[in-house]
Amino acid sequence: MTEETRVRFAPSPTGYLHIGGARTALFNWLYARNKKGTFVLRIEDTDKTRSTDEYIDAILEGMKWLGLDWDEGPFRQTDRFDVYRSYADKLLKEDRAYYCYCSAEELEMRRKAAMVQGKSVKYDGRCRNLTEGQAASSRGQGTVRFRMPQQGQTVVDDLIHGKVVFENEQLDDLIILRSDGTPTYNLTVVVDDVDMRITHIIRGDDHLNNTPKQIQLYQAFGYAAPKFAHLPMILGADKARLSKRHGATSVMAYYEMGYLPEALVNYLVRLGWSYGDQEVFTRDELIKHFSFEHAGKAAAVFNPEKLLWLNSQYIMSSAPEKLAELVRPFLVKEKIIREDEALDKAWLAKAIHTLQERARTLVELAASLRYYIAEDVVFNDKAKEKFLNEKSRDILEELKAGISSLSEFSIPELEKLFKSIVEKHGVKLGALAQPARVAMTGGTESPGIYEVLEVLGKEKVLSRLEKAIKMIGGA
RNA sequence: GGUCCCAUCGUCUAGAGGCCUAGGACGUGGCCCUCUCAAGGCUAAAACACGGGUUCGACUCCCGUUGGGACCA
């Protein structure tokens, strides 16, 4: 019987869920779902000065929006200080760890000296073998260091990079407890991963160099090291690590900009993973096909253009009824409807159906819904000048007359009417469609004119034509 | 500075020695469709960092160089 797969996402609540974190969470989630394993969420909040509850909520919110549900947690490291302490005590008792009384200033000086001499800047082991007497003199304010083996090699078994070999003599006697007794990152992460029985550690490759030290800690505690998968970093256009100055990095900022979570997920997963030539995936396909065999090793540049394209693909293929729900907050935000205003769902879906292949985001969708929903048309000056003038008055009059006497207000009937008017005047369809379009929408870009008219309905169409004709007359 | 990682079009990537005249996608240009804008279709330009090996044969394997990145901080 094979062991259950257990993975975890372990963010520090020192900021919102950002793109890089979301990608790490996503790969963990996909791996867990693919293996029918367990996805654990752990909040690494030991840095009390920078961690806040607000950020914890923000991270959970981001994960929920992306649809990354976890099976256990969220656990908080601040609840577990006693556990870390007991693991450290165990190492101390077994002489796998020792007290170190070197001050931060001394260490800094020696580090600099080592760097100048071109030597490895690791701890020089000064307090490694202090006698009881030597130690007793300053006991109390020391840090606790892990006694790293100095011979042999440590091998990281990585699902993406293969076996990565480190010489143990390069490994530092890392500090596991600070002089105030608080645990350090390398201790908490190993203790938690041991306690939570994590089988696969999937995280950014900025942690690869910490891994051999953690493996040694695992072994000191008497456990076999888990498998690792170190994901490449996500970079900005300038190839520097993605950060605020590259624009939106918070996941929820993409919600605000009108992105669908499916699009972001799809984009993020393709950043460093592929499945042949396929670009667009359903969630089930992602879960089914996901594996580290197709994961890349190289850092990837975040490309907002491609994300936007993917979003437009998802908007195009979404059910209008679903988009109607999703676009609502954006309609409110754009002040197109009031917060308590009800809209006819079927009608809204019909309107959206005409717009979904021209809106790349929900924000754009909301913006173009304005001319369907709002009472007054907002005219674009150039469009008005070009198409609502003396030249178009007669033909618009005729259109208005034709429409009011139409027995059936439908797309085929409207099309017939337009064709006959155009034929009679000996002009191209555009000579009628464009003025009509401006009269209906205020601008020159819209869905097909018959669709626009049909969505608006006879009454609104007639009143907008009336208004346009009046505007021309008054000019 | 030491250690580790990485390297295919501008970007994301396919490629597990002959299938490569290096494929797809985004973006960009052109054409078609067309009532506008989109969508869609067709099409063009665009890459194996460099140098050595190994091999009958290297984008693919090995070594080095260069360049990027991470960690130690």
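No hydrogens, no waters, no symmetry mates; every other heavy atom, side chains included, goes into these values. Every chain is numbered from 1 and lettered A, B, ... according to where its sequence line falls, protein lines coming before strand lines.
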>> Considering only residues two or more places apart or on different chains, which pairs with a residue in residues 10-22 of chain A satisfy side chain to side chain donor-acceptor pair (under 3.5 Å)?
In response: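 Applying side chain to side chain donor-acceptor pair (under 3.5 Å) to every pair that reaches into residues 10-22 of chain A, excluding sequence neighbours, yields nothing.
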Donor-acceptor contact below 3.5 Å, side chain [X] vs main chain [Y]:
X: D45(A); Y: Q77(A); value: yes
X: H207(A); Y: H230(A); value: no
X: D180(A); Y: T182(A); value: yes

Rounded to the nearest Å, what distance is computed from the [atom1] atom of residue [X] to the [atom2] atom of nucleotide [N]?
X: K239(A); N: G69(B); atom1: NZ; atom2: C1'; result: 11 Å
X: I19(A); N: C12(B); atom1: CD1; atom2: P; result: 15 Å
X: L310(A); N: G27(B); atom1: CG; atom2: C1'; result: 13 Å

> Does R283(A) count as lying over the ring of F281(A), i.e. NZ or CZ under 6.0 Å from the six-ring centre, within 45 degrees of the axis?
Replying inline: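 Output no; distance or angle outside limits.
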[N] pairs with which nucleotide, Watson-Crick or G-U wobble, both distances below 3.5 Å?
N: C50(B); value: G64(B)
N: C71(B); value: G2(B)
N: U34(B); value: none
N: A25(B); value: U11(B)

Which part of the nucleic acid does [X] contact within heavy-atom distance under 4.0 Å: base, sugar-phosphate only, or nothing?
X: G296(A); value: nothing
X: L271(A); value: sugar-phosphate
X: M316(A); value: sugar-phosphate
X: P232(A); value: nothing

> When the ring planes of H289(A) and Y275(A) are compared, do they come out parallel, tilted or perpendicular, using 30° and 60° as the limits?
Replying inline: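 Aromatic pair H289(A)/Y275(A) classed parallel.
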> A300(A) side chain: which of A38(B), C72(B), C12(B) is closest?
Replying inline: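 In terms of side-chain proximity for A300(A), the closest of A38(B), C72(B), C12(B) is C12(B).
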>> I want to verify a distance call: between C37(B), C35(B), U11(B), whose nearest atom is closest to the L429(A) side chain?
In response: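 Nearest listed nucleotide: C35(B).
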Do we see a donor-acceptor contact under 3.5 Å between the side chains of [X] and [Y]?
X: N311(A); Y: Y254(A); value: no
X: Q153(A); Y: E167(A); value: yes
X: T24(A); Y: R203(A); value: no

> With nearest nucleotides of RNA chain B determined for E305(A) and V301(A) from heavy-atom distances, which residue corresponds to the more 5′ nucleotide?
Replying inline: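 Residue closer to the 5' terminus by nearest nucleotide: V301(A).
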Please enumerate all protein N or O atoms sitting under 3.5 Å from an N or O of nucleotides 4-8 of chain B, with distances to 0.1 Å.
residue: C5(B); atom: O3'; partner: H161(A); partner atom: ND1; Å: 2.9
residue: C6(B); atom: OP1; partner: H161(A); partner atom: ND1; Å: 3.2

Could you list, one pair per line, each protein nitrogen or oxygen that sits under 3.5 Å from a nitrogen or oxygen of nucleotides 15-24 of chain B, together with the distance?
residue: G23(B); atom: N2; partner: D277(A); partner atom: OD1; Å: 2.9
residue: G24(B); atom: N2; partner: E279(A); partner atom: OE2; Å: 3.0

> Atom CG in L264(A), atom CD1 in I19(A): separation rounded to 0.5 Å?
Replying inline: 5.0 Å
>> Check the phosphate of G40(B) against Q313(A), side-chain N and O only, distance under 4.0 Å to OP1 or OP2. Yes or no?
In response: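 The answer is yes; a side-chain N or O of Q313(A) sits under 4.0 Å from OP1 or OP2.
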>> With rounding to the closest Å, how many angstrom separate the C1' atoms on G17(B) and C5(B)?
In response: 25 Å
